[in-house]
Amino acid sequence: MPVPGGGQRGGSRRWPGVRAWLPVLRWLPRYSPAWLQLDAMAGLSVGLAAVPQALAYAEVAGLPPQYGLYSSFMGCFVYCFLGTAKDVTLGPTAIMSLLVSSYAFHEPAYAILLAFLSGCIQLAMGFLRLGFLLDFVSCPVIKGFTSAASVTISFNQIKNILGLQGIPRQFFLQVYEILRRIGETRAGDAVLGLACLAALAGLQVMKSHLPRVAHVEPLAARVSYLIVWTSTTARNALVVLFAGLVAYSFQMMGFQPLTLTSSIPQGLPAFRLPPFSVAAPNGTVPFWSMVEDMGVGLAVVPLMGLLETVAIAKAFASQNGYRIDPNQELLAMGFANVLGSFVSAYPITGSFGRTAVNAQSGVCTPAGGLITGALVLLSLAYLTSLFYYIPKAALAAVIISAVVPMFDAGIFRTLWRVKRLDLVPLCVTFLLCFWEVQYGIVAGVLVSGVLLLYSIARPPVKVSKGDVLLVQPGSSLHFPAMECLRDAVCSHALAASLPRSVILDCCHVSSIDYTVVVGLAELLQELRKHGLSLAFCSLQDPVLQVLLSADLEGFQHFLSREEAERCRGAEPGDGGAAPYTSTSESSLLPTGLIQ
């Protein structure tokens with residue numbers, strides 16, 4: 001495609017680079033009018049889910065409700081231009097709101113600065129192509145965190161269902177205080193909250209069992225399907241609207257048995273720099289003190305935001321037959337958080353629930369996010385006065401219905417059946433997240449790292465006894481594994497009543513390092529002291545080149561195990577195929593080790 005103002009040839013050199021940084025240029029030139037209706041319907045459906053969830057998630061984050069709305073539109077606009085998944089929608093989520101609650105201390109200034117700094121970190125990771133770091137966070141850690149978050153967030157909303165005030169946010173204190181004050185439950189909040197939960201669950205079940213209607217069906221059947229589908233998809237908005245009407249009716253009658261959402265300022269947020277200091281009763285908290293206060297949150301928030309977005313994007317990309325670029329997703333999230341901080345947003349990430357609505361609505365391109373963002377802006381501009389009548393119990397029901405599916409009870413049974421050792425990081429993460437979220441995540445990653453290092457340090461070693469001792473490492477050899485290999489060889493070759501020569505089958509070894517080469521040189525000399533030989537077979541080219549370059553004394557190798565067994569590790573001249581040998585003293589060993 002020629003570039004305006006340039007020739008075809010020059011444009012073809014520049015255009016792919018621009019398309020790499022702006023994924024919108026990959027689909028916009030071929031945008032079809034037929035896609036517009038589907039994108040608009042999807043954007044509207046997601047918007048109807050996003051507005052009530054935004055108000056609810058602000059409660060989880062410990063912030064005034066308007067900050068949930070402030071956080072809900074910028075990501076929609078930015079992802080349209082920079083995202084690589086057509087289904088993903090960015091905005092406030094339950095997990096991110098929980099993290100913000102932990103690191104922003106219920107202060108909007110901290111939450112906004114956290115969004116800005118998280119976005120800067122994500123941008124830096126994207127430009128440096130560090131998306132591969134996600135590979136070091138294992139699935140058991142993610143599952144443990146999300147399951148714990150589901151329980152924590154759900155229980156955090158019980159107080160709003162029961163209409164209790166002054167409940168602490170720490171999980172164990174919450175449990176104690178709610179049980180202690182259960183007698184103070186407000187009947188109006190409890191009845192409405194439970195009714196909203198039942199309605200949301202019923203609409204969800206209805207949607208999951210809703211049969212598809214073909215185009216050949218009568219018009220009445222297709223219209224009925226559309227009405228039911230829209231009602232079940234926008235169930236959050238419908239339930240909140242119904243609860244608001246109930247609260248408004250009570251208000252008109254002169255009494256109010258429900259706890260209502262506080263007043264929300266009308267109008268769009270001002271576009272301004274994020275706060276780099278904050279006023280405090282005893283003075284001003286400077287920027288560096290704010291950064292120190294947020295501490296490890298500056299690593300946890302951007303990483304978990306990326307994890308949530310990429311996991312969702314990969315799931316829907318696999319389902320719908322396209323690929324995503326994790327590094328580009330980092331850039332999209334980074335720009336969304338940085339620009340969001342200029343409109344008083346707290347950190348955002350991909351939402352599984354709203355992404356599912358987007359995909360089920362038949363969205364064709366990320367352009368559906370423009371409709372969602374516009375709907376949020378319209379709500380801020382004209383509807384905030386009505387949000388006052390939304391009961392907190394209804395918002396709590398919306399949150400609980402959204403996070404309960406995040407609890408994966410089956411993962412415990414699956415890991416017990418598949419690999420029980422993976423239960424360790426899962427359980428460590430799950431349990432410690434009830435204490436502090438950051439401790440659970442960090443501990444889970446550390447435990448996973450220890451298990452990974454242990455598997456490197458103690459690779460499987462198969463030992464077969466016969467006329468010669470055949471030793472076969474099951475994976476590549478790195479420096480922590482050398483002592484394990486040496487012990488396996490010496491314990492079988494030297495401890496037996498009849499010492500055996502050794503053949504080291506390296507068919508599974510694709511790489512070794514310098515420490516392993518030194519260890520093999522020592523092992524060759526130790527076996528030689530006892531009149532035994534060590535031969536290598538089935539060496540892959542990279543490993544063979546390393547060992548030949550090291551010029552080990554007494555080094556010999558064969559092309560295959562059968563050839564090595566025929567020679568029985570013998571020196572050339574004793575018959576059989578002649579191995580490659582080296583007779584020079586190894587320069588890798590200290591002088592005192594060369595005999």
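These values consider heavy atoms only, across backbone and side chains, with no hydrogens, waters or symmetry-generated copies. Treat the numbers as computed from the prediction; the structure is a model and nothing was measured.
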Any heavy-atom pair between the side chains of [Y] and [X] that's under 4.5 Å?
X    : Y    : result
Y70  : L380 : yes
L219 : V223 : yes
M96  : I348 : no

Do side-chain atoms of [X] reach the backbone of [Y] as a donor and acceptor pair under 3.5 angstrom?
X    : Y    : result
T309 : T349 : no
Q328 : L82  : yes
T232 : K207 : no
Y79  : A85  : yes

Quick one: pull up [atom1] in [X] and [atom2] in [Y] and give me the separation to the nearest 0.5 Å.
X    : Y    : atom1 : atom2 : result
I324 : E329 : CD1   : CD    : 5.0 Å
L90  : M74  : CG    : CE    : 12.0 Å
K86  : Y322 : NZ    : OH    : 5.5 Å
Y346 : S118 : OH    : OG    : 13.0 Å
S277 : F287 : OG    : CZ    : 10.5 Å
S344 : F271 : OG    : CZ    : 10.5 Å

Check: What residue pairs, at least two apart or across chains, pass side chain to side chain donor-acceptor pair (under 3.5 Å) with a residue in residues 397-408?
Finding: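 Non-adjacent pairs meeting side chain to side chain donor-acceptor pair (under 3.5 Å): K143-D408.
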
Does [X] [atom1] have over 12 foreign heavy atoms under 6.0 Å away?
X    : atom1 : value
F342 : CZ    : yes
R272 : CZ    : no
F407 : CZ    : yes
F81  : CZ    : no
Q204 : CD    : yes
F412 : CZ    : yes

Note to self: Please verify the inter-ring angle class for F171 with F434; under 30° counts as parallel, over 60° as perpendicular, anything in between as tilted.
What the structure shows: tilted

Next item on the list: Anything under 30° is parallel, anything over 60° is perpendicular, the rest tilted; go ahead and classify W27 against Y31.
Entry: tilted

Next item on the list: Kindly write out the residues that satisfy side-chain hydrogen bond (donor to acceptor under 3.5 Å, both in side chains) with S138, not counting sequence neighbours, or none if the list is empty.
Entry: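 S138: side-chain hydrogen bond (donor to acceptor under 3.5 Å, both in side chains) contacts with S448.
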
Check: What's the verdict on side-chain contact (heavy atoms from CB on, under 4.5 Å) for V141 and L426, showing C-alpha distance, side-chain angles and the deciding distance?
Finding: CA-CA 5 Å; V141 173; L426 173 73; over 6 Å; no

Notebook entry, point to check: Going through the checks in order, is the side-chain contact (heavy atoms from CB on, under 4.5 Å) test met by R323 and T84?
Noted result: CA-CA 8 Å; R323 295 179 63 83; T84 60; over 6 Å; no

Checklist line | Closest heavy-atom pair and its distance - I161, A397 | finding: CD1-N, 4.1 Å

Margin query: Run L113 and S341 through side-chain contact (heavy atoms from CB on, under 4.5 Å) and show every step you take.
Written below: CA-CA 7 Å; L113 182 60; S341 68; over 6 Å; no

Please list every donor-acceptor pair under 3.5 Å in which a side-chain atom of residues 363-379 meets a protein atom from a residue at least two apart or in another chain.
unit_1 : atom_1 : unit_2 : atom_2 : d
T365   : OG1    : D39    : OD2    : 2.7
T365   : OG1    : A367   : N      : 3.2
T372   : OG1    : G43    : O      : 2.9
S379   : OG     : L375   : O      : 3.0

